[in-house]
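What follows is a set of notes on a single structure, which appears directly below.
Just so you know, ligand 1 is whichever comes first in the structure, and atom 1 is the first atom listed for that ligand. Nothing fancy with the numbering, it's 1 onward along the sequence.
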Amino acid sequence: MTAAVRVEHLKKSYGAVQACRDVTFRIEPGEIFGLLGPNGAGKTTTLRCLSTLTQADAGILEIAGTDVGQCPKLVRQKLGYVAQEVALDKVLTGRELLQLQAAIYHLPSAQIAPRIDKIVDVLGLGEWIDRKCGTYSGGIRKRLDLAAGLLHQPQVLILDEPTVGLDIESRVVIWDFLRQLRQEGITVLLTSHYLEEVDLLADRVAIIDQGKVIASDTPQALKDQVGGERITLRIREFTSEQEANQAKELLQGLDVVQTVIINTAQGNSLNLVVQSNSNALSAIQTRLSEANLPTFGIAQARPSLDDVYLAATGKTLMDAELAAVGKRDEKKERKQNMR
Ligand SMILES: Nc1ncnc2c1ncn2[C@@H]1O[C@H](COP(=O)(O)OP(=O)(O)OP(=O)(O)O)[C@@H](O)[C@H]1O
């Protein structure tokens with residue numbers, strides 16, 4: 001079967017910055033596929049290369065069998081792209097904006113009104129569509145972006161952080177909508193920082209780190225491969241580095257404990273991987289109390305996608321985000337310079 005999206009060995013640099021070093025994944029028609037990774041991992045660059053907005057330096061990129069570099073016009077017909085931040089015109093109403101979008105895609109005029117009505121209905125935009133976009137909340141704006149990306153009935157919908165910063169009600173509307181698209185056979189490629197969101201929605205995921213895909217499979221298979229059980233432990237609400245290191249050393253000595261990582265982004269809490277079906281919880285508590293260290297909170301869980309990331313990179317996704325915040329953000333600087 002022809003892949004809905006094919007990306008092989010994508011490379012893209014901006015000057016000295018290697019945004020994509022080696023990105024490879026394949027999406028089958030009708031799948032929801034999540035691209036997961038910290039800030040600066042190369043997710044947006046991958047989406048922009050696929051959407052013809054940026055030219056790749058090397059690699060194979062195809063949308064439904066069409067080469068992105070050779071036939072960009074046809075590719076743009078086949079896909080809808082919803083960017084992270086969209087500057088909506090404030091004076092136009094939502095309906096006027098969608099009509100403009102329909103004109104850009106040369107939709108037959110008889111089809112425009114029924115298509116807009118249908119999509120407005122499905123996205124629950126009826127109350128808003130004839131009001132000016134300047135009055136929209138973030139959630140309504142995002143729903144209108146989605147409507148605009150889908151108006152020309154693309155086979156593949158590409159979404160960059162579709163729910164970032166939205167309230168839970170808007171997120172749920174968008175999740176339901178994406179599931180509905182999947183039922184209609186539309187392929188969805190989305191990026192997200194929200195691990196639970198990707199876990200919940202995506203049929204398959206690729207985890208991207210420093211411009212490379214480091215793992216790709218169904219969320220369940222990735223979690224199963226990591227194995228073991230997780231314990232999250234807090235010595236105090238905000239533990240000092242010294243105490244966290246002391247606890248780490250003590251717990252590493254226990255037979256049932258496989259690894260211990262200090263999660264600096266979460267007040268120096270400790271993330272432990274322990275043998276499944278062991279008495280790890282009580283062994284840990286006993287060892288800490290023998291050393292007169294308190295336990296503010298302790299919880300055991302099955303592996304999550306964050307554990308998959310941790311196993312592949314040695315850091316949690318949140319710590320990777322914190323590290324990225326410290327780096328010079330050229331993308332942000334560019335945006336500011338454009339204002
Ligand atoms: N046009 C550009 N010029 C220079 N550097 C860029 C440009 N676009 C992206 N970068 C840099 O390339 C790297 C990858 O950025 P990219 O936006 O693809 O990452 P991301 O995973 O999408 O992160 P985010 O979640 O912050 O959007 C970063 O170091 C970023 O600063």
Side-chain angles (χ1 to χ4, degrees), residues 5 7-25 27 33-59 61 68-69 72 79-87 138 141-142 145-146 149 156-166 171 174 188-199 201-202 204-216 265 305-306 308-310 312-313 315-339:
V5 177
V7 178
E8 271 180 34
H9 306 301
L10 165 65
K11 290 185 179 48
K12 172 72 189 174
S13 295
Y14 300 101
V17 180
Q18 282 186 292
C20 296
R21 292 163 199 256
D22 186 4
V23 177
T24 297
F25 59 87
I27 312 178
F33 191 91
L35 206 53
L36 194 67
N39 286 117
K43 303 181 300 292
T44 300
T45 303
T46 303
L47 300 193
R48 288 180 60 85
C49 289
L50 268 173
S51 311
T52 77
L53 295 169
T54 303
Q55 210 176 347
D57 297 337
L61 297 177
V68 172
L79 65 80
Y81 176 63
V82 180
Q84 223 171 88
E85 289 172 48
V86 180
R141 250 198 324 260
K142 188 51 90 176
D145 291 346
L146 276 175
V156 177
L157 183 64
I158 296 183
L159 308 165
D160 200 355
E161 300 279 354
T163 61
V164 73
L166 300 188
R171 291 176 75 188
I174 289 174
V188 177
L189 165 58
L190 59 92
T191 68
S192 181
H193 288 78
Y194 300 128
L195 296 160
E196 321 77 56
E197 172 166 292
V198 174
D199 204 349
L201 264 184
R204 286 189 311 123
V205 299
I207 299 182
I208 184 167
D209 185 55
Q210 297 183 14
K212 280 188 180 173
V213 171
I214 54 171
S216 179
L305 283 180
D306 203 20
V308 175
Y309 185 78
L310 184 65
T313 65
K315 54 187 188 283
T316 66
L317 198 64
M318 213 183 260
D319 274 337
E321 303 260 276
L322 281 182
V325 169
K327 288 193 194 148
R328 192 167 159 237
D329 190 341
E330 294 181 39
K331 194 162 78 172
K332 202 164 164 193
E333 284 173 21
R334 258 193 342 278
K335 266 187 205 158
Q336 277 165 353
N337 290 341
M338 276 157 54
R339 284 191 190 130

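The ligand atoms of ligand 1 that sit less than 4.0 angstrom from a heavy atom of T45 are 15 (O), 16 (P), 18 (O). Those atoms of ligand 1 with a heavy atom of P38 less than 4.0 angstrom away are 21 (O). Listed by number with element, the atoms of ligand 1 under 4.0 Å from a non-hydrogen atom of N39 are 23 (O), 24 (P), 25 (O), 26 (O). Per-residue contacts place Q84 under 4.0 angstrom from the following atoms of ligand 1 (heavy atoms of the residue considered): 27 (O).
Residue K43 holds the heavy atom nearest to atom 20 (P) of ligand 1 of all those in K12, R48, K43. Counting only non-hydrogen atoms, the option in S192, A41, A19 that gets closest to atom 12 (O) of ligand 1 is A19.
Any N or O atom pair closer than 3.5 Å counts here, and G42 shares at least one such pair with ligand 1. Between E161 and ligand 1, no N or O atom pair is found at a separation short of 3.5 Å.
With a heavy-atom cut-off of 4.0 Å, V17 touches ligand 1 through its side chain alone.
Under the side-chain hydrogen bond (donor to acceptor under 3.5 Å, both in side chains) criterion, D306 pairs with no residue at all, not counting sequence neighbours. Under the salt bridge (Lys or Arg N to Asp or Glu O under 4.0 Å) criterion, E197 pairs with R171, not counting sequence neighbours.
When each of D145, L157, I158, T52 is tested with Y81 by the rule side-chain contact (heavy atoms from CB on, under 4.5 Å), just one qualifies, namely I158.
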